Amino acid sequence: MLEKITETFSDVFRTIAGKATISEKNVEDALERIKIALLEADVNVRVVRRFINGALEEAKGEKVLRSVSPGEQFVKIVYDRMVALLGDERQDLVLKGTDTQSVILLLGLQGSGKTTTAAKLAVHLKKKGRKVLLVACDLVRPAAVEQLTVLAGQAEVAIHREDTRDPVQVARNAMLRARREGFDTLIVDTAGRLQIDEPLMQELMRVRDAVQPVESLLVADAMTGQSAVDIARAFDERIGVTGVILTKFDSDTRGGAALSLKSITGKAIKFIGVSERLDGLEPFYPDRIANRILGMGDIVSLVEKAQQVYDQKEALELERKISQESFTLQDYLEQIQKVKKMGSVKSMLEMIPGLAGQIDEDQINLDEMKHEEAILLSMTKKERLNHLIIGPSRRSRIARGSGTSVAEVNRLLKKFEKSRTMMKKMVKNKGAMSKLFGGGA
Ligand SMILES: Nc1nc2c(ncn2[C@@H]2O[C@H](COP(=O)(O)OP(=O)(O)OP(=O)(O)O)[C@@H](O)[C@H]2O)c(=O)[nH]1
Ligand SMILES: [Mg+2]
């Protein structure tokens with residue numbers, strides 16, 4: 001998603017960032033192109049106008065045009081505005097403590113992804129140590145309860161379902177059951193309609209009043225484009241929306257909805273759905289998405305974080321290695337070991353080029369990290385310096401030596417190769433960005 005805008009941004013930035021001096025005309029031209037890209041991506045017209053006018057005013061100021069690095073200042077202005085547009089800070093769910101009940105009500109049109117998202121959220125919250133009960137309150141579509149039951153099975157969480165037509169009854173009983181059986185979090189799946197209609201709203205209001213949700217999340221399909229904004233407004237007016245989950249972020253959409261939602265409705269995007277699978281739910285981080293959109297990859301956070309541990313010389317050396325693809329498994333191992341000292345798993349992983357900014361604390365698989373280190377240590381140094389010489393028989397030796405499997409060794413090698421290519425691309429795209437964000441020389 002959003003590839004098209006990213007292309008334009010990268011292109012504009014490349015043109016402007018390298019310039020030693022830029023004129024008002026340069027700024028205007030650059031913003032004109034950005035404006036067209038945003039409009040083509042289906043971003044709301046008002047949002048685009050505000051974005052462009054604000055950026056124009058700021059960028060044409062003396063301070064920018066006369067500065068030592070006007071191009072980079074310009075990029076920073078656009079970046080900051082993009083983060084603001086997406087909602088500034090990450091907004092997490094606001095739930096009560098586990099000694100009491102928190103109800104999450106999911107709302108949305110038909111096919112927006114409510115039922116799938118209910119199960120994904122259950123997985124997410126279970127990992128955070130909550131006891132989750134899924135509640136099947138879509139009694140309109142015949143197969144809905146069955147669908148949620150199957151998903152609950154896959155997610156290995158409990159489900160409350162009843163053979164009735166009354167969602168309020170199901171919701172009430174689910175709460176009683178939760179109290180009896182010690183569930184602290186209820187996720188309520190509701191019925192969708194093709195369009196917002198009165199009977200749906202009435203039903204949702206009754207369910208809402210029965211469960212008193214702490215979060216009423218609108219599940220919106222990223223492919224809906226512009227109308228997502230109207231849908232969000234309508235649900236907010238009638239039911240009260242506390243946040244949005246934007247599904248199908250992985251799809252080939254223009255992405256305008258994502259960029260307009262926060263700014264027009266004031267409702268934060270809390271998560272994005274990135275696949276059909278149950279692990280396909282990611283917390284929404286405005287700055288990371290802005291990075292992605294602006295084509296800077298996550299190199300910015302890498303450079304920022306890297307700064308904390310490496311001195312600049314080391315960072316430059318690493319950058320050189322990455323760009324020349326001479327980054328080896330030996331380097332990879334050293335990264336793991338060096339940053340391990342820092343304690344936090346997250347900051348440790350953030351340090352590894354290619355992983356920066358893509359990690360969510362609760363997606364971290366500690367065991368996998370340990371396995372990777374073990375695998376790397378079971379290789380000879382020569383192998384770590386040139387992974388291409390590791391043939392099939394060595395792979396099984398390494399697997400045995402590290403107490404892992406050949407599949408795991410293969411996976412590590414594949415991952416390494418993939419991230420090496422990715423890192424190279426990121427470093428290349430970065431250009432002058434590292435200076436701006438405090439890294440590099
Ligand atoms: N690619 C992708 N597909 C998704 C995502 N979320 C949901 N889907 C798919 O979208 C379709 C509809 O999802 P559901 O969860 O059934 O949607 P719903 O809102 O419950 O639909 P109704 O109950 O009919 O109103 C399913 O095929 C899901 O697998 C996502 O983030 N990415
Ligand atoms: Mg459903």
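This is a predicted model, so every value here is computed, not measured. Both backbone and side-chain heavy atoms feed into the values below; hydrogens, waters and symmetry mates do not. Every number for a ligand or one of its atoms is a count from 1 in the order of the listing. Counting from 1, the numbers follow the sequence of the chain as shown.
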Completion exercise
Here the gap from Leu85 atom CG to Ser260 atom OG, rounded to the nearest 0.5 Å, amounts to 7.5 Å
Exercise for the section: Nearest 0.5 Å please: distance from the OH atom of Tyr285 over to the CD1 atom of Ile272. Expected result: 11.0 Å
Handout entry: Interfacing atoms of ligand 1 (cut-off 4.0 Å, heavy-atom, Val274)
Key = 31 (O)
Problem - Polar contact flag, side-chain donor to acceptor under 3.5 angstrom, Gln147-Arg141 - result: yes
Exercise for the section: Would you kindly specify which portion of Ile272 sits under 4.0 Å from ligand 1, judged on non-hydrogen atoms: side chain, backbone, both or neither? Expected result: neither
Exercise for the section: Please report the C-alpha distance between Met82 and Phe51 in whole Å, then the side-chain angles of each, then the deciding distance to 0.1 Å, and finally whether the side-chain contact (heavy atoms from CB on, under 4.5 Å) criterion is met. Expected result: CA-CA 8 Å; Met82 187 59 79; Phe51 185 94; 4.1 Å; yes
Handout entry: Numbered atoms of ligand 1 (with element) below 4.0 Å of Gln110, judged on heavy atoms
Key = 24 (O), 25 (O)
Practice task
Check Thr117 against ligand 1 and report side chain, backbone, both or neither, counting heavy atoms closer than 4.0 Å.
Solution key: neither
Practice task
Looking only at non-hydrogen atoms, find the nearest pair between Leu109 and Lys114 and report the distance.
Solution key: O-NZ, 2.8 Å
Exercise for the section: Check if Ser275 has a non-hydrogen atom at a distance under 4.0 Å from any atom of ligand 1. Expected result: yes
Problem - Region of Thr116 that comes within reach of ligand 1 [heavy atoms, distance under 4.0 Å] - result: both
Practice task
Look at atom 1 (N) of ligand 1 and say which protein heavy atom is nearest, naming residue and atom and giving the distance to 0.1 Å.
Solution key: Asp250 OD2, 2.7 Å
Fill in the blank from the handout: The side chain to side chain contact (heavy atoms under 4.5 Å, CB included) partner of Val188 among Leu133, Leu134, Val135 is Val135
Exercise for the section: Check whether any heavy atom of Ser112 sits under 4.0 Å from an atom of ligand 1. Expected result: yes
Practice task
Between Ser251 and ligand 1, find which residue part has any heavy-atom pair under 4.0 Å and reply side chain, backbone, both or neither.
Solution key: neither
Fill in the blank from the handout: The atoms of ligand 1 lying under 4.0 Å from a heavy atom of Gly192, numbered in the order shown, are 25 (O)
Handout entry: Proximal protein heteroatoms (N, O or S) of the Mg ion (ligand 2), under 2.8 Å
Key = Thr115 OG1
Practice task
For atom 24 (O) of ligand 1, find the nearest protein heavy atom and state the residue, atom name and distance (0.1 Å precision).
Solution key: Arg141 NE, 3.0 Å
Exercise for the section: Could you check which of Lys120, Lys248, Lys114 puts a non-hydrogen atom nearest to atom 8 (N) of ligand 1? Expected result: Lys248
Practice task
Give the contacting part of Glu282 toward ligand 1: side chain, backbone, both or neither, where contact means a heavy-atom distance below 4.0 Å.
Solution key: neither
Exercise for the section: Please verify whether a non-hydrogen atom of Gly111 lies at under 4.0 Å from ligand 1. Expected result: yes
Exercise for the section: Would you mind listing which atoms of ligand 1 come within a distance below 4.0 Å of any non-hydrogen atom of Gly273? Expected result: 31 (O)
Exercise for the section: Among all protein heavy atoms, pick out the one at the shortest distance from atom 17 (O) of ligand 1; state its residue, atom name and that distance to 0.1 Å. Expected result: Gly113 N, 3.0 Å
Practice task
Work out which heavy atom in Ala191 is nearest to a heavy atom in Leu200; give both atom names and the distance.
Solution key: O-CD1, 3.4 Å
Exercise for the section: May I ask you to check if Lys131 and Phe183 form a cation-pi contact, with NZ or CZ under 6.0 angstrom from the six-membered ring centre and within 45° of the axis? Expected result: yes
Exercise for the section: Decide whether Ser227 and Asp230 meet the rule of one side-chain donor and one side-chain acceptor closer than 3.5 Å. Expected result: no
Completion exercise
shortest atom 29 (O) of ligand 1-to-protein heavy-atom contact is with Glu276 OE1, 2.8 Å
Exercise for the section: Report the distance from atom OG of Ser102 to atom CZ of Arg130, rounding to the nearest 0.5 Å. Expected result: 4.5 Å
Exercise for the section: Determine whether Ser216 and Val241 make a side-chain contact, defined as any pair of heavy atoms from C-beta on separated by less than 4.5 Å. Expected result: no
Fill in the blank from the handout: All heavy atoms of Thr116 vs all of Leu151, minimum pair found to be CA-CD1, 4.0 Å
Handout entry: Heavy-atom closest contact (Lys126 atom, Val132 atom, distance)
Key = N-CG2, 4.1 Å
Completion exercise
atom 16 (O) of ligand 1 sits nearest the protein heavy atom Gln147 NE2, 2.9 Å
Exercise for the section: Look at Asp11 together with Arg33 and state whether they make a salt bridge at an N to O cut-off of under 4.0 Å. Expected result: yes
Problem - Asp138: numbered ligand 1 atoms lying under 4.0 Å from its heavy atoms - result: 23 (O)
Problem - Short N-O contact, Asp250 and Arg277, less than 4.0 angstrom - result: no
Problem - Test of proximity, Phe249 against ligand 1: N or O pairs below 3.5 Å - result: no
Practice task
Please round to the nearest 0.5 Å and tell me the distance separating atom OG1 of Thr115 and atom CG of Leu148.
Solution key: 6.0 Å
Exercise for the section: For residues His124 and Phe271, establish whether the separation of their ring centroids is below 6.0 Å. Expected result: yes
Practice task
Could you tell me whether Gly280 and ligand 1 have an N or O pair separated by under 3.5 Å?
Solution key: no
Practice task
Looking only at distances, please establish whether an N/O atom of ligand 1 is found under 3.5 Å from an N/O atom of Ala191.
Solution key: no
Handout entry: For Thr115, atoms of ligand 1 separated by under 4.0 Å from a heavy atom
Key = 15 (O), 18 (P), 20 (O), 23 (O)
